[in-house]
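Worksheet for the structure shown next.
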Amino acid sequence: MSKKLSKEEKRNRQKIKPGRLAKREAITGLIFVSPWIVGALMFLAYPLITSFWYALNNIRITPLGKKYTFLAYGNFTQILMSDADFPMQLIDYLVSTIISVPIIVVFALIIAMMLNQNIKARGFFRLIFFLPVIIVSGPILGMLNSQGAGSITAIDTQAITTAIMNFLPSAIGEPIAEIFQNMVTILWYSGVQILIFLSGLQKIDRSMYEAAKIDGGSGWECFWKITLPSIKPLILLNCVYTVVFISNNDQNSIIELIKNSMFSGTTEKGYGYASAMAWLYSLVVILIVGLFAILFIARKDVYERQVKKAKKEAKKERRNVKKIERRSARNAKKIQKAREKRKYKTYDGSGDY
């Protein structure tokens, strides 16, 4: 029995060499990924390192070129201690993004479920909800917002904003009231998310819904037990996409503030000061993405946990068997040595024991 177990362990420990097909697939995947790797090294890694070096210096543009004055963390300290606008706008952005991202994702999920139904002119309605992604972008979005097309009038939202400001503190009530006023612009951001949810909904096996309905499951139960667990990874994807989209939007006031600081003529500001602001802004964006990742990251189901637990127990049992085999081998050696010693002690030299 011990020999069989040891052979199985040796067989399991042997590394299986990949075949030709696996090597070919790995090379193909590397070829497809290589443009992204090269692009990331050229257009992402180098600018990140350069901007971080800028953030540690005070940079002045002179006729002889750029003049660097090393400040270490001086720019960051000045932004957090002396700048009155940037920290407040950063807090407003944090609160408004945390509130607006769930609204956009939930709205996209509802519309995707409606567009996934068997209705007439389904492609036309999908086109309508995706058109703002193509049309309303860049200068067009700025022009529409300047004319008031991207926001609801104050008269229509006055009752809602008044109720919110009366029941909530101003630090939380103002971002929520601003979201209600700019609800049209926020819902324009949901086109890509609707497409992502549609692709996930179309991949769900319809037989699962049929089996659930045969067992007496309602539509609400099918949504919570089948639909939502199936598209949970897509919820995280849409949350991350929405955070990045809102953070890089041209209408973002923090980006405008960074641009103004970059081209400011004052001695305190400039490229280094703007780089430090951009790094602080990036840390806040990463914090928001991490928060949504913690909330919606895919967890292993009960079956996978049971399989993992069974594998751990089997591994532990094999380890215990191996310990017992080693202990038995040591005891056998000790017994053999003791017998040999006893044998030599009783030998009297005449050939008799």
Side-chain angles (χ1 to χ4, degrees), residues 35-101 137-139 141-143 145-146 170-172 174-175 178 182 185 189 239-294:
W36 183 88
I37 296 174
V38 174
L41 292 175
M42 293 177 60
F43 303 108
L44 182 61
Y46 178 73
L48 281 176
I49 296 171
T50 305
S51 65
F52 186 74
W53 171 247
Y54 284 175
L56 301 178
N57 293 270
N58 184 11
I59 302 173
R60 307 306 305 163
I61 306 298
T62 63
L64 300 177
K66 296 179 183 178
K67 183 180 179 181
Y68 295 88
T69 304
F70 186 72
L71 300 177
Y73 300 103
N75 288 326
F76 297 97
T77 305
Q78 184 178 356
I79 291 170
L80 297 175
M81 297 297 180
S82 303
D83 198 331
D85 296 331
F86 185 75
M88 294 301 297
Q89 290 191 10
L90 203 61
I91 294 173
D92 292 340
Y93 159 79
L94 177 64
V95 177
S96 62
T97 304
I98 292 176
I99 296 172
S100 60
V101 168
S137 60
L141 180 60
M143 183 173 59
N145 286 331
S146 63
S170 59
I172 301 175
E174 290 179 0
E178 186 178 355
N182 299 324
T185 306
Y189 296 158
C239 288
V240 174
Y241 174 81
T242 307
V243 171
V244 175
F245 182 81
I246 293 174
S247 303
N248 296 330
N249 191 14
D250 294 335
Q251 305 299 317
N252 196 333
S253 59
I254 298 180
I255 294 179
E256 292 294 329
L257 186 61
I258 293 173
K259 289 180 181 178
N260 295 333
S261 300
M262 181 184 297
F263 299 107
S264 176
T266 59
T267 57
E268 296 85 3
K269 298 182 179 181
Y271 279 47
Y273 191 85
S275 298
M277 295 173 70
W279 272 98
L280 290 174
Y281 181 48
S282 301
L283 291 176
V284 174
V285 173
I286 293 172
L287 178 65
I288 298 173
V289 171
L291 176 63
F292 285 108
I294 293 172

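Below, each value reflects all heavy atoms present in this structure, side chains not excepted, and no hydrogens, waters or symmetry copies.
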Rounded at 0.5 Å granularity, tell me how far [atom1] in [X] sits from [atom2] in [Y].
X      : Y      : atom1 : atom2 : answer
Ile255 : Asn248 : CD1   : CG    : 5.5 Å
Ser253 : Leu90  : OG    : CG    : 10.0 Å
Tyr68  : Arg60  : OH    : CZ    : 13.0 Å
Gln89  : Met277 : CD    : CE    : 8.0 Å
Lys269 : Ile59  : NZ    : CD1   : 15.5 Å

Practice prompt. Might you point out which heavy atoms bring Ala276 and Ile79 nearest each other, and give the distance in Å?
Written response: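 Looks like CB-CD1, 3.6 Å.
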Practice prompt. Indicate the atoms forming the closest heavy-atom contact of Ile246 with Ser100, along with that distance.
Written response: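 Between these two residues, the closest heavy atoms are CD1-OG, 3.8 Å.
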Practice prompt. Indicate yes or no for a side-chain donor-acceptor contact from Tyr281 to the backbone of Ser247 under 3.5 Å, with no hydrogens or angles considered.
Written response: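 Confirmed, Tyr281 side chain pairs with Ser247 backbone.
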Worksheet item: Between Asn57 (side chain) and Gly272 (backbone), is there a donor-acceptor pair under 3.5 Å?
Response: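 Checked: no pair found.
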Discussion item. Just to verify, what does Ile288 make a side chain to side chain contact (heavy atoms under 4.5 Å, CB included) with, not counting sequence neighbours?
Written reply: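 In terms of side chain to side chain contact (heavy atoms under 4.5 Å, CB included), with neighbours along the sequence ignored, Ile288 is linked to Tyr93, Leu94, Thr97, Val243, Val284, Phe292.
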Worksheet item: In terms of ring plane angle, is the pair Tyr73 and Phe76 parallel, tilted or perpendicular, where the classes change at 30° and 60°?
Response: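 If you compare the ring of Tyr73 with that of Phe76, the planes turn out tilted.
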Scan the side chains in residues 40-52 for donor-acceptor partners under 3.5 Å anywhere in the protein, sequence neighbours excluded, and list what turns up.
residue, atom, partner, partner atom, Å
Thr50, OG1, Tyr46, O, 2.8
Ser51, OG, Pro47, O, 3.1
Ser51, OG, Leu48, O, 2.9
Ser51, OG, Trp279, NE1, 3.1

Discussion item. If the test is side-chain contact (heavy atoms from CB on, under 4.5 Å), which one of Leu71, Ile258, Asn58, Asp83 qualifies with Tyr273?
Written reply: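 Exactly one option meets the side-chain contact (heavy atoms from CB on, under 4.5 Å) with Tyr273, and it is Asp83.
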